[in-house]
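A short worksheet on the structure shown next.
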Amino acid sequence: EVQVWTWERFRELQPKPNKLLQGQPRLGLWDDLKQQTRDVKQILENSKMDSFEWRPYTRTVTNWKFPKFYPEKAMCVTVCPSLDEEFISFARCIKVSELVGIKKVEHYFPNRVATQFGMLQDIPSLVDRNNLSREAAWNDYNKPINDLALNIPSRSAISCVSTLTFSEWWRKIQNSGLKITKTCLDKAFYGGEIANAYYLC
């Protein structure tokens with residue numbers, strides 16, 4: 001839910017969370033709560049950059065157990081059918097794909113928000129849009145992920161952009177007033193040599 005996503009990340013907009021009971025999912029923090037603030041736009045405009053929580057699910061919450069993909073120390077696991085389901089779930093979560101919704105198929109680009117997964121944010125690479133049917137999109141999403149190394153950062157890792165190149169690229173995009181297209185990316189990043197932002201290696 002978008003409302004919960006917002007409360008987890010924007011401190012100034014959070015109502016006072018509930019106490020989580022033993023065995024409750026983390027969503028219980030926000031059960032039956034309402035947005036207290038009215039002028040959300042003004043609050044966000046006046047907020048500081050460090051008030052945004054890039055990785056809220058890495059924070060300790062009483063009675064909530066960290067998933068295995070939020071380890072204390074960074075780790076690398078080989079993705080195969082016998083791997084624990086939590087790791088396979090995380091692998092799918094950071095994979096560019098097409099998600100099947102109730103009425104349509106949506107493109108999903110986690111490489112554009114890598115910092116939310118505790119990874120270095122690089123310039124988003126261009127991804128072919130297949131525009132698959134609902135059945136084909138589900139089959140593609142659900143197919144086995146094999147023989148890949150999944151690099152999982154520590155939950156204490158600090159999210160950031162990979163280099164000044166990303167910041168420069170983003171500044172040029174913002175100042176150009178153009179939509180982010182292949183042409184715009186090519187102009188912004190040295191002839192179009194765009195870094196691959198997949199984190200399955």
Side-chain angles (χ1 to χ4, degrees), residues 1-2 4-6 8-9 20 23-27 29 52-61 63-101 105-132 134-167 169-170 180 185 189 192-201:
E1 184 180 318
V2 175
V4 171
W5 185 96
T6 303
E8 287 278 9
R9 289 164 176 79
L20 205 61
Q24 265 191 317
R26 189 183 172 104
L27 197 61
L29 290 171
F52 182 81
E53 291 279 356
W54 285 105
R55 304 179 69 204
Y57 303 114
T58 61
R59 291 198 322 263
T60 301
V61 172
N63 291 328
W64 185 69
K65 183 180 177 182
F66 287 110
K68 293 178 181 177
F69 49 79
Y70 286 133
E72 186 175 348
K73 295 182 179 180
M75 61 192 300
C76 185
V77 296
T78 301
V79 181
C80 61
S82 62
L83 185 64
D84 186 283
E85 186 59 37
E86 285 192 20
F87 290 120
I88 292 176
S89 173
F90 184 72
R92 293 193 193 286
C93 189
I94 62 172
K95 179 179 176 288
V96 171
S97 57
E98 295 184 48
L99 302 180
V100 179
V105 176
E106 293 284 352
H107 292 93
Y108 174 62
F109 300 109
N111 58 320
R112 295 179 180 176
V113 290
T115 47
Q116 294 186 37
F117 298 103
M119 299 172 180
L120 294 178
Q121 179 66 60
D122 209 336
I123 296 174
S125 60
L126 293 173
V127 178
D128 292 331
R129 298 188 180 210
N130 297 321
N131 296 317
L132 300 174
R134 291 168 60 85
E135 183 178 358
W138 174 251
N139 288 338
D140 183 65
Y141 174 83
N142 204 39
K143 68 185 179 185
I145 303 174
N146 295 322
D147 302 322
L148 295 168
L150 180 60
N151 294 301
I152 303 176
S154 162
R155 60 176 176 258
S156 62
I158 299 173
S159 302
C160 60
V161 296
S162 57
T163 62
L164 290 175
T165 307
F166 176 86
S167 299
W169 169 82
W170 184 247
I180 300 179
L185 284 170
F189 190 60
E193 295 179 11
I194 299 167
N196 189 351
Y198 279 85
Y199 293 93
L200 291 170
C201 52

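Numbers here simply count residues along the sequence, with the first being 1. Here the structure is a predicted model, which is why all the values come from computation and not from measurement.
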Q: Can you see which heavy atom on Ile88 is nearest to which on Pro81, and at what distance?
A: CD1-O, 4.1 Å

Q) Considering only heavy atoms from C-beta outward, does the side chain of Cys93 approach that of Tyr108 to under 4.5 Å? A) yes

Q: Would you name the heavy atoms of Leu20 and Pro25 that are closest together and state the gap between them?
A: CD1-O, 3.2 Å

Q: Tell me, with the steps shown, if Lys143 and Trp138 meet side-chain contact (heavy atoms from CB on, under 4.5 Å).
A: CA-CA 8 Å; Lys143 68 185 179 185; Trp138 174 251; over 6 Å; no

Q) Does a side-chain heavy-atom distance below 4.5 Å link Met119 with Ile94? A) yes

Q) Tell me, do Leu99 and Tyr141 make a side-chain contact under 4.5 Å, heavy atoms counted? A) yes

Q: Report the distance from atom CD of Gln116 to atom CH2 of Trp5, rounding to the nearest 0.5 Å.
A: 5.0 Å

Q.
To the closest 0.5 Å, what do you measure between SG (Cys80) and CG (Leu148)?
A. 10.5 Å

**Q.** Heavy-atom donor-acceptor pair, Ser154 side chain to Glu72 backbone, under 3.5 Å
**A.** yes

**Q.** Minimum side-chain heavy-atom gap Leu150-Cys76 below 4.5 Å
**A.** no

Q. Which atoms form the tightest heavy-atom contact between Glu8 and Leu29, and what is the distance?
A. OE2-CD1, 4.3 Å

Q) Got a second to check how far Leu83's CG is from Lys68's NZ, nearest 0.5 Å? A) 9.0 Å

(Q) Any non-hydrogen side-chain atom of His107 less than 4.5 Å from a side-chain atom of Asn131? (A) yes

Q. Can you find a heavy atom in the side chain of Asp140 that is under 4.5 Å from one in the side chain of Glu98?
A. no

Q. Could you go step by step and tell me if Val79 and Asn146 meet the side-chain contact (heavy atoms from CB on, under 4.5 Å) rule?
A. CA-CA 5 Å; Val79 181; Asn146 295 322; 5.9 Å; no

Q | All side chain to side chain contact (heavy atoms under 4.5 Å, CB included) counterparts of Pro67, not counting sequence neighbours | A | Trp64, Phe69, Tyr70, Glu86

**Q.** Minimum heavy-atom distance between Ile145 and Lys95, given as atom pair plus value
**A.** CD1-CD, 4.2 Å

Q.
Using the rule given for side-chain contact (heavy atoms from CB on, under 4.5 Å), can you reason through Glu53 versus Thr58, listing the C-alpha separation, both sets of side-chain angles and the distance that settles it, and then say yes or no?
A. CA-CA 10 Å; Glu53 291 279 356; Thr58 61; over 6 Å; no

Q: Evaluate the side-chain proximity of Pro153 to Arg55: yes if any heavy-atom separation is below 4.5 Å, no if none is.
A: yes

Q) To the nearest 0.5 Å, how far apart are CD in Gln24 and CG in Asn63? A) 8.5 Å

**Q.** Side chain Ser89, main chain Glu85, donor-acceptor under 3.5 Å
**A.** no

Q) Heavy atoms, side chains only, cut-off 4.5 Å: are Ile152 and Val77 in contact? A) yes

Q: Measure across Val100 and Ala137 and return the closest heavy-atom pair with its distance rounded to 0.1 Å.
A: CG2-CB, 3.8 Å

Q | Arg155 to Phe66, cation-pi by 6.0 Å centre distance and 45° axis angle | A | yes

